[in-house]
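Below is one structure; the comments refer to it alone.
Throughout, protein chains are lettered first and strands after them, A, B, ... in sequence-line order, and every chain is numbered starting at 1. FYI, side chains are in, hydrogens and waters are out, and symmetry mates aren't considered; it's all heavy atoms of this structure.
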There are 2 protein chains.
Amino acid sequence: MKVTDTPKQAGKPVRRRVYEHLKTEILTGRLSPEERLGEEHLAEILGVSRTPVREALHKLEAEGLIQPGAKRGFIVSGDSREEVEDRFEIRAVLEGYALRVISARIGEEHLARFEELIDRAEAALEANRMDEVFDLNTRFHDTLHELVSDRERLYRLIVDMRKQVLRYRRETLQSREGARRTLNGHRKIVLALHLKDPDLCERTMREHIRQAKEDALQAIMG
Amino acid sequence: MKVTDTPKQAGKPVRRRVYEHLKTEILTGRLSPEERLGEEHLAEILGVSRTPVREALHKLEAEGLIQPGAKRGFIVSGDSREEVEDRFEIRAVLEGYALRVISARIGEEHLARFEELIDRAEAALEANRMDEVFDLNTRFHDTLHELVSDRERLYRLIVDMRKQVLRYRRETLQSREGARRTLNGHRKIVLALHLKDPDLCERTMREHIRQAKEDALQAIMG
DNA sequence: CTGGGTGTTTTTGTATCCAATAATGGCCGC
DNA sequence: GCGGCCATTATTGGATACAAAAACACCCAG
């Protein structure tokens, strides 16, 4: 299947299309850590030359999504227990700090907005629309992190890390208990923000993400 | 000057040589945030083709050292007050967490080693050998972080961030007061490790790096 | 004098080609 | 039959060629 077969992506730089294509394949788990990623092979499959493929691969490597394999070429970075834990822990630390920063600059109008998102997610959970729960949870974090988008590096790190674990979240949020725990966590976060207690904010967010980590580890290997 | 003019680097992949060359130029401040980095231009200067130059540039971009400029090409990422603060704050958070992790796994033999490094740095400070102070301080942190090198992503993030602010540290450690403050910070870190108090460890490291941030900001704009 | 538009020039993006290098498989000696 | 060595081949790294796009400058109209 050529990349260009997806028409909505047409017109933009090939290298970006290849990059996004591969990234999606990796993050959704369609590309497993066993497969060898050869430049020529990928180029052929995607119907482009090796040049943009190489650049995409290098970028993915820099992001830590793929690694040089034992033979030649790259392989998808593992989702071993350690890898997953590491990523969630980093998220916990960075986003915990971010919430501390946010607590100092947030206003009532934001808080109302967050509560609304949680309410809607809870309604969706009652109605068993789990996909909607997932979306609303994602939006909760996205909206939150928008508030530190001026801290460019911090923001980029957080967004990157979140993408890298998104697929585990999806699994967790399929289960009612997982979704329940997540929503409770979000409630606590909003509460901590209400209280404007920076330490509490940081701790709460860390706990929330650690919980997500536990859920993810459950899903991976039970 | 061709890259290959430096013979010790000969034999290794061109792209890496270019990458390291540019990185050094940036981190030491020889390449200022005003200059436009054109592929062709760089390729000519370095005596290589555009291909490895591009790959190096992309990698540097992924690391956040350069950014797409307003016109075409890349520019060195700014060292505005905000940028510098952001980097130091991220360091504070990540390394604070790292010290927490380390406190749970460290043994007496390590602690002795750290104290030795500080002692030697203090001696160097007395003797006014500031370059040696700088080296020993660097080794202090390096040795420390080795202890979390199994947490691959965390480790990479920390190492990257440290490199990005290294040049400001160099300035700080030229002054006796800056060096003094730094060594005191290190003493406190070792003390916290001795006490095996995770919370204290994290707090202490954060404070230490925040102090470094203040020193750096002083140096930048007084 | 100013703004818009067009032609020119630079610079970047992609493809292809050649060289270097690592993996592979077979062959020979032991 | 096993292990090491060389030839073969697959695959990546680098250079070059060509296409597309963006910046630039110039000219003309208002």
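- The distance between atom NZ of B:Lys71 and atom C1' of C:dT11, rounded to the nearest whole Å, is 13 Å.
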For nucleotides 6-9 of chain D, print each protein N/O atom paired with a nucleotide N/O atom at under 3.5 Å, atom names and distance only.
none

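- Counting any heavy atom pair closer than 4.0 Å across all strands shown, A:Ala43 reaches no nucleic acid atom.
- With respect to B:Gln164, the side-chain hydrogen bond (donor to acceptor under 3.5 Å, both in side chains) criterion is satisfied by exactly one of B:Lys23, B:Arg87, B:Arg91: B:Arg87.
- Ion pairing between a basic and an acidic side chain is recognised when a charged N comes within 4.0 Å of a carboxylate O; B:Glu152 and B:Arg156 show no such pairing.
- B:Arg151 and B:Tyr97 are linked by a side-chain donor-acceptor pair at a separation below 3.5 angstrom, with hydrogens and angles left out of the test.
- For residues 135-165 of chain B, the ring-ring contact (aromatic ring centres under 6.0 Å, His included) pairs, not counting sequence neighbours, are B:Phe114-B:Phe140, B:Phe140-B:His186, B:His141-B:His145, B:His141-B:His186, B:His141-B:His208.
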Report task. Applying side-chain contact (heavy atoms from CB on, under 4.5 Å), run through B:Lys213 and B:Val84 and close with a yes or a no. Result -> CA-CA 8 Å; B:Lys213 178 185 77 173; B:Val84 174; 5.6 Å; no
Scan nucleotides 10-13 of chain D against the protein and return all N/O pairs shorter than 3.5 Å with their distances rounded to 0.1 Å.
{"unit_1": "D:dT11", "atom_1": "O2", "unit_2": "A:Arg72", "atom_2": "NH1", "d": "2.3"}
{"unit_1": "D:dT12", "atom_1": "OP2", "unit_2": "A:Glu39", "atom_2": "N", "d": "3.2"}
{"unit_1": "D:dT12", "atom_1": "O4'", "unit_2": "A:Arg72", "atom_2": "NH1", "d": "3.1"}
{"unit_1": "D:dG13", "atom_1": "OP1", "unit_2": "B:Arg15", "atom_2": "NH2", "d": "2.9"}
{"unit_1": "D:dG13", "atom_1": "OP2", "unit_2": "A:Glu39", "atom_2": "OE2", "d": "3.2"}
{"unit_1": "D:dG13", "atom_1": "N7", "unit_2": "A:Arg50", "atom_2": "NH2", "d": "2.9"}
{"unit_1": "D:dG13", "atom_1": "O6", "unit_2": "A:Arg50", "atom_2": "NH1", "d": "3.2"}

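- Counted by atom type alone, B:Thr182 and B:Arg169 present one or more donor-acceptor pairs between their side chains at under 3.5 Å.
- Minimum interatomic distance between B:Ala179 and B:Met130 (heavy atoms only, all atoms of both residues): CB-CE, 4.0 Å.
- Here the closest non-hydrogen pair linking B:Val190 and B:Glu115 is CG1-OE2, 3.6 Å.
- At whole-Å resolution of the value, CG in B:Leu57 and C1' in D:dG14 are 15 Å apart.
- Per the geometry, CD belonging to A:Glu44 stands 17 Å off C1' belonging to C:dT14, to the nearest Å.
- At D:dG14, none of the side-chain N or O atoms of B:Thr51 fall inside 4.0 Å of OP1 or OP2 (strictly under the cut-off).
- Between B:Leu42 atom CG and C:dT11 atom C1' there is a gap of 12 Å when expressed in whole angstrom units.
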